[in-house]
Amino acid sequence: MQPILSVRGVSKTYASGHRALEPVDLEINKGEIFALLGPNGAGKTTLISIICGIVTPSTGTITVMGHDAIHDFRAARSVIGLVPQELSVDMFETVLASVRYSRRLFGKAGHDAYVEEVLRDLSLWDKRNARIRELSGGMKRRVLIAKALSHEPDVLFLDEPTAGVDVALRRDMWKLVHKLRAKGTTIILTTHYIEEAEEMADRVGVIDKGKIILIEQKTELMKKLGKRQMLIALQEPMAALPEALAEWHLALEDDGATLRYVFDAQAERTGIPSLLRKLAEMGIGFKDLETSKSSLEDIFVDLVERKEQAA
Ligand SMILES: Nc1ncnc2c1ncn2[C@@H]1O[C@H](COP(=O)(O)OP(=O)(O)OP(=O)(O)O)[C@@H](O)[C@H]1O
Ligand SMILES: [Mg+2]
């Protein structure tokens, strides 16, 4: 299948000299919901801003529905809707006028029924004649979404759609996302939250320090995130891992004082009872056992390490 969006070798070094993005390759399929997951400063907004033509890339090319996003900016931009992370709306306009204006900006003929549908979906219809400055922060965010949808984009970018948003807006947003996807809209969102990626996305990209660490189907990623680890503090340090323990793929750490066992918490058999039996059999004593779930931080570290080992 021809991807709807294709990013090739896109990198960014800001004028300050800050390297925000290492070269990124990314392809998004039509109708897909893709979540870009990463901590503060990872480069999520930079990447989205480049694709939407707000930030100029230092290297690389982008095509959106066959349009070159840099040389044919207008054509590419006309099929894109962007809900930015920061609030940026004309405070003195009314809601309705602002959304209609956004649509006209893209050269689309007026379509009152469509605009009404969007405003209703976002629970903004009753507020259509209010000036934007009179709205609460959450409602302003809804206006940004309505504006991004005003020209019926094929690809919608949502930069941190649920940051600082209440439960009602979050619920409206998810409903809207599902409705849009049913109509064939492709959606790319950024988030800090694994849960959000889990709930929304078909595919997840993890980005850290300007590098895309992995891109994977959500189901595959969730399997990895289901990993837990057990640390076994040994009574006597070991010089090397005994061959008899090979099947558990343990790591010997802390100058031989700790065994680390990584297991899949969702698996029917974790391998823990058999491992402990084996240790007893071999007369290997331990002082303490500790199991922990990988945190987002651990997962990033783990992914980066694996990536570096593979390279
Ligand atoms: N205009 C700019 N000039 C210089 N550096 C910038 C600029 N914009 C962003 N940066 C830097 O680039 C890096 C990536 O920023 P970016 O906004 O893309 O991160 P992010 O993943 O969106 O973070 P957050 O989760 O906080 O929104 C950061 O270190 C940031 O300080
Ligand atoms: Mg951001």
Side-chain angles (χ1 to χ4, degrees), residues 5 7-26 28 33-62 64 69-70 73 76-77 80-89 137-138 140-145 147-148 153 155-166 169-170 173-174 177 186-201 203-216 218 221 225 295-304 307:
L5 167 68
V7 173
R8 292 250 163 275
V10 164
S11 72
K12 179 67 184 178
T13 305
Y14 281 106
S16 62
H18 183 79
R19 180 84 165 154
L21 213 54
E22 298 297 333
V24 170
D25 292 310
L26 178 63
I28 305 288
I33 300 183
F34 183 84
L36 196 55
L37 179 68
N40 283 133
K44 303 181 295 295
T45 299
T46 300
L47 179 56
I48 282 190
S49 302
I50 290 172
I51 298 171
C52 295
I54 294 163
V55 168
T56 320
S58 304
T59 63
T61 57
I62 298 148
V64 188
I70 296 157
F73 167 73
R77 189 63 182 84
I80 290 176
L82 167 65
V83 182
Q85 184 170 10
E86 304 291 338
L87 284 176
S88 58
V89 267
K140 289 193 187 100
R141 192 163 279 280
R142 289 170 196 254
V143 174
L144 283 182
I145 300 169
K147 284 167 76 74
V155 186
L156 179 66
F157 289 87
L158 296 164
D159 196 357
E160 307 284 340
T162 58
V165 149
D166 73 3
L169 177 48
R170 202 172 284 222
M173 196 119 59
W174 291 167
V177 164
T186 305
I187 296 165
I188 295 153
L189 60 101
T190 70
T191 179
H192 293 114
Y193 307 112
I194 288 184
E195 298 75 23
E196 194 156 288
E198 181 171 14
E199 192 172 323
M200 301 297 306
R203 208 152 55 106
V204 178
V206 177
I207 183 167
D208 187 33
K209 300 191 184 79
K211 261 194 213 149
I212 297 221
I213 300 169
L214 106 176
I215 297 177
E216 204 141 22
K218 178 183 68 185
L221 182 62
L225 302 188
S295 69
L296 181 56
E297 200 64 33
D298 293 338
I299 291 155
F300 281 130
V301 171
D302 193 39
L303 289 171
V304 174
K307 192 89 187 167

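Counting starts at 1 for both ligands and their atoms, following the listed order.
- If you check the side chains of Ser11 and Thr59, you find a donor sitting under 3.5 Å from an acceptor.
- Across Asp208 and Ile213, no two heavy atoms sit closer than the pair CB-CD1, 3.4 Å.
- Atom numbering of ligand 1 starts at 1 in the shown order; those under 4.0 Å from a heavy atom of Thr46 are 14 (C), 15 (O), 16 (P), 18 (O).
- Interface of Ala42 with ligand 1, defined as ligand atoms under 4.0 Å from a residue heavy atom, comprises 19 (O), 20 (P), 21 (O).
- The Mg ion (ligand 2) has an N, O or S atom of Gln85 inside 2.8 Å of it.
- The ligand atoms of ligand 1 that sit less than 4.0 angstrom from a heavy atom of His192 are 25 (O).
- In this structure, Arg77 contributes its side chain and Ile80 its backbone to a donor-acceptor pair below 3.5 Å.
- Nearest non-hydrogen protein atom to atom 17 (O) of ligand 1 is Thr45 CB, 3.6 Å.
- Each of the following atoms of ligand 1 lies closer than 4.0 Å to a heavy atom of Ser16: 4 (C).
- Residue Asn40 holds the heavy atom nearest to atom 26 (O) of ligand 1 of all those in Ile48, Leu21, Asn40.
- Heavy-atom distances between Gly38 and ligand 1 stay at or above 4.0 Å for every pair.
- Closest to atom 23 (O) of ligand 1, if we only count protein heavy atoms, is Gly41 N, 2.8 Å.
- Side-chain atoms of Val177 and Leu158, non-hydrogen and from C-beta on, do get closer than 4.5 Å to each other.
- The protein heavy-atom contact nearest to atom 10 (N) of ligand 1 is Tyr14 CE1, 3.4 Å.
- In this structure, the side chain of Ser49 does not engage the main chain of Val55 through any donor-acceptor pair within 3.5 Å.
- Of the candidates Glu86, Gln85, Lys44, Arg19, it is Lys44 that places a heavy atom closest to atom 21 (O) of ligand 1.
- Between the Lys209 side chain and the Gly43 main chain, no donor and acceptor come within less than 3.5 Å of each other.
- The closest side-chain heavy-atom distance from Ile188 to Leu5 is below 4.5 Å.
- Contact check for Pro57 versus Ile70: side-chain heavy atoms found under the 4.5 Å cut-off.
- At least one protein heavy atom sits closer than 4.0 Å to atom 3 (N) of ligand 1.
- Among the backbone and side-chain atoms of Thr46, no N/O/S atom is found under 2.8 Å from the Mg ion (ligand 2).
- Residue-level proximity to ligand 1 for His18 is carried by the side chain, the only part with a heavy atom below 4.0 angstrom.
- Lys44 has its side chain out of reach of Ile48: every pair of non-hydrogen atoms, C-beta onward, lies at least 4.5 Å apart.
- For the pair Ile212/Leu36, a side-chain contact is recorded, criterion being any heavy-atom separation below 4.5 Å from C-beta on.
- The Ala20 neighbourhood of ligand 1 comprises atoms 12 (O), 13 (C), with distances under 4.0 Å to a heavy atom of that residue.
- Residue contacts with ligand 1 include Glu160, since one or more of its heavy atoms lies under 4.0 Å from the ligand.
- The side-chain heavy atoms of Thr45 and Thr190, taken from C-beta on, include no pair separated by under 4.5 Å.
- Within the 4.0 Å cut-off (strictly below), a protein heavy atom is located near atom 14 (C) of ligand 1.
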